[in-house]
Peer 1: 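Take this structure first; my questions come after.
Residue numbering restarts at 1 for every chain, and letters A, B, ... go by the order of the sequence lines.
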Number of protein chains: 2
Amino acid sequence: MEERQFTCHCSTERCLHKVPLFASLNDASLESLTDKMSHRVYQKGEILVMEGQQPLGFTVIHSGSAKAYRTTSDGKEQILYIFPAHDYFGARFLFTEDEVPYCVEALEETHVCILSKQQLKDILIEHPKVALELIEAMAKRMKRLELLMQQSGKKKAEIRIAAILLEFAETYGTQENGRTVVNLPLSQEGIANYVGVARETLSRKLSQLEEEKIVEFTERLQMVVLDTEKLIALSSGEYELNV
Amino acid sequence: MEERQFTCHCSTERCLHKVPLFASLNDASLESLTDKMSHRVYQKGEILVMEGQQPLGFTVIHSGSAKAYRTTSDGKEQILYIFPAHDYFGARFLFTEDEVPYCVEALEETHVCILSKQQLKDILIEHPKVALELIEAMAKRMKRLELLMQQSGKKKAEIRIAAILLEFAETYGTQENGRTVVNLPLSQEGIANYVGVARETLSRKLSQLEEEKIVEFTERLQMVVLDTEKLIALSSGEYELNV
DNA sequence: GCAAAAGTGTGATTTGAATCACAACATCTT
DNA sequence: AAGATGTTGTGATTCAAATCACACTTTTGC
C-alpha cells in the first residue's frame, strides 16, 4: 500500500484555479486565498462530516470524490449528492444551519481544501462576482433537485433510474468512437440508494436495459451507453421498457 | 365583482421593504429600485409565466399567492412550489436557463413587482449584502428540496403528507389558544399534486389523521393541527398510522 | 491462496398505493 | 331555485415495487 499522504499540493498547484466558482479572481487574490485555506486528505470510507456535527466549512474537492447521504428511519441510506473532483459542498448548510444535515463520506482517496464560513463570507462581500457565480452554481444544483423531485413524485422506477444514469454519463462519461463509456462512482447497491429504490429492483431494471441494448455493463463499475436517445426518452416517460 | 385593478401601490407602500431579501438596502436605493420595477396584477387562475417561455424576470409577490407546477408525461400536474405573499421567484431560472422550467399560476388575485435579469444582477454586484441574502434564501429553498427528496425516496405516502401539512402549518398557520389554525392554499386535489400521490390516497390518509385526532378539518380549506408532536413524528417515520 | 465479506441475479410472495367506478356533497351560474 | 360543475369519500380491483430467500460471483484481507 502507498504511504498515506497528509498534505496536499494546493499551494503549489493553485487548486482553486480549476474551480469555476473562483474563475473571476486574479492570481494574486487566488494565491493569498489558497494560503489561508486548510487542507486535508481522507481515505476511502472516511467521513468528512457527520450528520449533526458542526459544519467543516466550505469544502472544495481537490481530487477524489465523495457521497452525501442520510440514514432514514428504517435504517437505509439515502444518497443525496455525489461530489466529483473540483466540485464543492458546504455553501448550502453553512448558510442555513447550525448542524450538517447529512454525512459526507469519501468514495476514494480524496483531497480537500476548506474555507471557514467567515472566510467565505468575506470573499463574497469583497468579490461580488464570486457571489454571482455561487448563485449560479446553487441555481444549477436546485435545477437538478427540482428535476429529481418531479421524477420521484412518479412511482415508475425506470424513469428515475434512467435519469440517474444520464447524470452519471454526463459527469463521468468519456466519448470513445461514438459510444459513451462511463466509470460509475458507485456500486449497484449505491446507485439503488441514490435513486431510492430497492437493490433488487435496480438489478432487474438494469438487466432489462441491457436486454434492450440501451446500455451495457462491460466490467465492474463501468457502463457503456449504447442508445442515449432511448435513455433520454425513458427518463422523460416517453418510452417504456417492454417486459 | 370588484373592479379589476391594473396598478399596484408599490411605489407608495415601498413593497420591497417587506421582502427580507432587500432588508439591507437603505430607503433611498429601495425607492429608486421600486420605481424601476414593473408591476402587474393577475386574477385567480391566470398564468404568470408559462413553461418554456422567456422568463418574466425576478418576481416579488406583493400580495396574493401562486403555485409553480409542471405537467408530467402522463398528464398530471406536479406542483413544485407554493409562493406566498412577500415571497419571490425567478432567481433560480434567471441564472440557469433560457426558458422557464415550469408554469406559475395565481391562486388568488395576486400583485407582483418584476425586476429584469440585468437589474437584478446590477443590484447584486452593487450591494453584495443583497447577494448574501439571496444565497441564504436559496440555501433555505434547497434545504426544503433536499428534505422532500429524502422523503420521496421512501414510498410511505403518510410521511410525505405529514411533511407537507407541517410546511403549511408553518407558512399559513396562526396560533389560537394552543391550537394551530391553518388556511390551506390548495384544495385536496392540489395538495395531492403537491405531495405527488393520488387524490384518493390523500383523502383516505387525511381521514385517518382526523380519526387519530392529529388534525381536524373544520371548514373547506381550513385545517386545525391538534397534535403537532405526532405530526412531526409521522413525518420523520417514527410513528405510523394504525389501520 | 484461501476464507470471509461484499456485491449481484432471480424467483416467490406481500404490500401499499394507483386506478377504476360511483355516490354524496358543495359551489358556482344564471 | 335548479342545473351544471367541481370537490370529496369509499369500496373493489390491479399493479409495480418492496421484501424475503437463497444461489452465485467477485473482491478483499490476511
Peer 1: Among the nucleotides dA17(C), dC20(C), dT10(C), which one has an atom lying closest to any side-chain atom of Ser207(A)?
Peer 2: dT10(C)
Peer 1: With a cut-off of less than 4.0 Å, is there a side-chain N or O of Lys205(B) near OP1 or OP2 of dA18(C)?
Peer 2: no
Peer 1: Any side-chain heavy atom of Asp87(B) within less than 4.5 Å of one from Arg141(B)?
Peer 2: yes
Peer 1: Show the nearest heavy-atom pair for residues Val49(A) and Gln54(A), with the distance to one decimal.
Peer 2: CG1-O, 4.3 Å
Peer 1: Measure from NZ on Lys156(A) to P on dA18(C) and round the result to the nearest Å.
Peer 2: 14 Å
Peer 1: Given atom CZ of Arg220(A) and atom C1' of dT8(C), what is their separation to the nearest angstrom?
Peer 2: 10 Å
Peer 1: Can you figure out which of dA17(D), dT27(D), dA18(C) approaches the side chain of Thr201(B) most closely?
Peer 2: dA18(C)
Peer 1: Which whole-number value in Å describes the distance from Gln78(A) CD to dA18(D) P?
Peer 2: 12 Å
Peer 1: Classify the side chain of Arg204(B) and the base of dG16(C) as holding, or not holding, a donor-acceptor pair under 3.5 Å.
Peer 2: no
Peer 1: Output the single nucleotide from dT8(D), dA17(C), dT8(C) whose closest atom is nearest the side chain of Glu189(A).
Peer 2: dT8(C)
Peer 1: Parallel, tilted or perpendicular, judged at 30° and 60°: which one describes the rings of Tyr194(A) and Phe168(A)?
Peer 2: parallel
Peer 1: Please work out if Arg199(B) contacts a base, only the sugar-phosphate, or nothing of the nucleic acid, heavy-atom cut-off 4.0 Å.
Peer 2: base
Peer 1: Just the rounded figure in Å: distance from C1' of dA18(C) to CZ of Arg160(B).
Peer 2: 12 Å
Peer 1: State whether the side chain of Gln188(A) and the backbone N or O of Leu202(A) hold a donor-acceptor pair below 3.5 Å, judged by distance alone.
Peer 2: no
Peer 1: Round to the nearest Å and state the distance from Leu186(A) atom CG to dA6(C) atom C1'.
Peer 2: 15 Å
Peer 1: What integer distance in Å separates Glu200(A):CD from dC22(D):C1'?
Peer 2: 11 Å
Peer 1: Hey, what do you get for CD1 (Ile191(B)) to CG (Leu165(B)), rounding to the nearest 0.5 Å?
Peer 2: 6.5 Å
Peer 1: Given atom CD of Glu219(B) and atom P of dA26(C), what is their separation to the nearest angstrom?
Peer 2: 13 Å
Peer 1: Base, sugar-phosphate or nothing for Ser187(A)? Non-hydrogen atoms, less than 4.0 Å.
Peer 2: sugar-phosphate
Peer 1: The side chain of Ser203(B) is closest to which nucleotide in this list: dA17(D), dT10(D), dA18(C)?
Peer 2: dT10(D)
Peer 1: The side chain of Gln188(B) is closest to which nucleotide in this list: dA17(C), dT19(D), dT8(D)?
Peer 2: dT8(D)
Peer 1: Would you mind reading off the distance between Ile191(B) atom CD1 and dG6(D) atom P, rounded to a whole angstrom?
Peer 2: 19 Å
